[in-house]
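Chain identifiers are assigned alphabetically (A, B, ...) following the order of the sequence lines, protein sequences preceding nucleic acid strands; residue numbering begins at 1 within each chain.
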There are 2 protein chains.
Amino acid sequence: MSKQELPVVDVSEGACCAPLAREPLNAAEADELAPLFKAIGDPVRLRLLSLIACHDGGEACVCDLTSAFELTAPTISHHLKVLKQAGLIDSERRGTWVYYWINPQVLQRLSAILGPRQATGLVPA
Amino acid sequence: MSKQELPVVDVSEGACCAPLAREPLNAAEADELAPLFKAIGDPVRLRLLSLIACHDGGEACVCDLTSAFELTAPTISHHLKVLKQAGLIDSERRGTWVYYWINPQVLQRLSAILGPRQATGLVPA
DNA sequence: GCTCTAATTTGACATATGTCTAAGCAGAGC
DNA sequence: GCTCTGCTTAGACATATGTCAAATTAGAGC
């Protein structure tokens, strides 16, 4: 299955761009957004995300990531899985190695949710 | 041992504005930021934050908040405490009621961390 | 002082989470 | 086919988390 381009949820709807502070999130929006923040609510996963995002070519091999922590490979694998299931990153196997890259749109969306204003053009004033 | 040396980092330093994707977060920065994202990584707390931010006058009484959920008062109180301890909101008692308001700077900072670019003027490039 | 309401704290509980070890799977190279 | 390396899965375990009921604290009004 290709999780690569699946929107997962109707992103274009309510929780897409309107910032938190503009109108109250309803339960459904919150249920959809919270897991994303939860996924980055762990120091290891935050660093993983950052490492992947900053890595040369926009993608990183698991071996690069594992060596940056004092954690076992299964633990890193677990965190990568959490990030991937949240839709924040995606991956592909190439030969022996598995590469991960971030999904910039999701990150951008979260940024917009927290941002003070700017509905990213959805609502034209 | 090499994981973290300082529990709290000076916010004005690295983790202040530079987005995730610009340079890898170090362990200390991640340890400082992750709890903030974790705090909003819960649907109830996300909605609480949004409700408070959107409320008239920029602040909301606990009674207003409690009535928006099908949860007991202690549970709401717990979530508010988590948000407050994370620094996302603040509160004050006025007579019988307790009012909460958000700390916009913290929210803005998180937004900047996730944002694609814009170091908020830190590095001119 | 008494009581009423608003909110928090305490304690309990089931569930979720982060980590590890051990085992399994997938290619590469012999 | 065998083995080696890279990565994931499975299972176990201690700790953290979300929720509630009961008890407690804080003011307001009588």
Side-chain angles (χ1 to χ4, degrees), chain A residues 1 3 25 27 30-49 51-52 55 59-86 88-101, chain B residues 1-4 7 25 27 30-31 33-49 51-52 55 59-86 88-101:
Chain A
M1 55 175 143
K3 197 166 187 180
L25 285 169
D31 284 345
E32 185 213 343
L33 286 169
L36 296 181
F37 289 116
K38 190 176 192 177
I40 57 177
D42 176 278
V44 174
R45 289 197 290 269
L46 247 196
R47 288 182 65 197
L48 281 172
L49 204 62
L51 282 170
I52 295 171
H55 206 270
E59 56 183 23
C61 169
V62 175
C63 56
D64 296 327
L65 302 172
T66 303
S67 61
F69 298 86
E70 305 214 340
L71 295 169
T72 63
T75 297
I76 298 298
S77 198
H78 160 70
H79 285 302
L80 288 170
K81 189 179 185 181
V82 171
L83 288 171
K84 183 169 180 178
Q85 286 182 332
L88 286 158
I89 61 177
D90 213 335
S91 69
E92 185 185 48
R93 173 171 216 118
R94 286 208 280 281
T96 309
W97 298 278
V98 176
Y99 291 87
Y100 282 85
W101 59 89
Chain B
M1 349 283 181
S2 63
K3 200 162 185 197
Q4 58 167 11
L25 285 170
D31 284 345
L33 285 170
L36 296 180
F37 288 116
K38 190 175 191 177
I40 57 177
D42 176 279
V44 174
R45 289 197 290 266
L46 247 195
R47 287 182 66 199
L48 280 172
L49 204 61
L51 282 170
I52 295 171
H55 205 270
E59 57 182 22
C61 169
V62 176
C63 55
D64 296 327
L65 302 171
T66 303
S67 61
F69 298 86
E70 305 217 338
L71 295 170
T72 63
T75 297
I76 299 298
S77 197
H78 160 70
H79 285 301
L80 289 170
K81 189 180 186 181
V82 171
L83 288 171
K84 183 169 181 178
Q85 286 182 331
L88 286 158
I89 60 178
D90 212 335
S91 69
E92 186 186 47
R93 173 171 214 118
R94 287 209 279 281
T96 309
W97 298 278
V98 176
Y99 291 86
Y100 281 85
W101 59 89

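Taking only side-chain nitrogens and oxygens, Thr96(A) never comes nearer than 4.0 Å to OP1 or OP2 of dG27(C). A sub-4.0 Å separation between OP1 or OP2 of dA16(C) and a side-chain N or O of Lys38(A) is absent. Thr75(B) has a side-chain polar atom (N or O) that falls below the 4.0 Å cut-off from OP1 or OP2 of dC20(D). Under 4.0 angstrom from either OP1 or OP2 of dT8(D) there lies at least one side-chain N or O belonging to Tyr100(A). Close to dC20(C), at under 4.0 Å from its OP1 or OP2, lies a side-chain N or O of Thr72(A). Look at His79(B) and you'll find a side-chain N or O under 4.0 angstrom from OP1 or OP2 of dT19(D).
No donor-acceptor pair closer than 3.5 Å links the side chain of Ser77(B) to the backbone N or O of Ala73(B).
Of all nucleotides listed (dT8(D), dA7(C), dA26(C)), dA26(C) comes nearest to the side chain of Arg93(A). Side-chain atoms of Val98(B) lie closest to dA7(C) of the nucleotides dC7(D), dC20(D), dA7(C). The nucleotide whose nearest atom lies closest to any side-chain atom of His78(B) is, among dT19(D), dT19(C), dT8(C), dT19(D). Counting only heavy atoms from C-beta on, Trp97(B) has its side chain closest to dA6(C) among dC20(C), dA6(C), dT8(D). Comparing dA7(C), dT8(D), dG6(D) by their closest approach to the side chain of Cys63(B) singles out dA7(C).
The two residues Ala30(A) and Pro43(B) come nearest to each other via the heavy atoms CB-O, 3.5 Å.
Taking atom CZ of residue Phe37(B) and atom P of nucleotide dT17(D), one finds them 17 Å apart after rounding to whole Å. What separates NZ of Lys84(A) from P of dT8(D) is a distance of 8 Å, to the nearest Å. Rounded to an integer number of Å, the gap from Phe69(A) CZ to dC20(C) P is 12 Å. Taking atom CG of residue Asp64(B) and atom P of nucleotide dA7(C), one finds them 8 Å apart after rounding to whole Å. Atom CD1 in Ile76(A) sits about 16 Å away from atom C1' in dT9(D), given to the nearest Å. To the nearest angstrom, C1' of dG6(D) lies 13 Å from CG of Leu65(A). Rounding to whole angstrom units, CG of residue Leu80(A) and C1' of dT9(D) are separated by 14 Å. Remark: C1' of dG27(C) and CD of Glu92(A) are 15 Å apart, rounded to the nearest angstrom.
Residue Glu92(B) places its CD atom among more than 12 non-hydrogen atoms of other residues, nucleotides or ligands, all under 6.0 Å distant. With a 6.0 Å radius and a threshold of 12 heavy atoms from other residues, nucleotides or ligands, Trp97(B) has its CH2 atom at or below the threshold.
To the nearest 0.5 Å, atom CH2 of residue Trp101(B) and atom CD1 of residue Ile52(B) are 10.5 Å apart.
Mapping Asp42(B) and Gly95(B) onto DNA chain D by nearest heavy atom places Asp42(B) at the nucleotide closer to the 5' end.
If you check every strand for non-hydrogen atoms under 4.0 Å, Arg45(B) touches sugar and phosphate atoms only. Residue contacts shown for Leu71(B) are limited to sugar-phosphate atoms, with no base heavy atom under 4.0 Å away.
When side chains are defined from C-beta on, Glu59(B) does not count as touching His55(B), because their heavy atoms never get closer than 4.5 Å.
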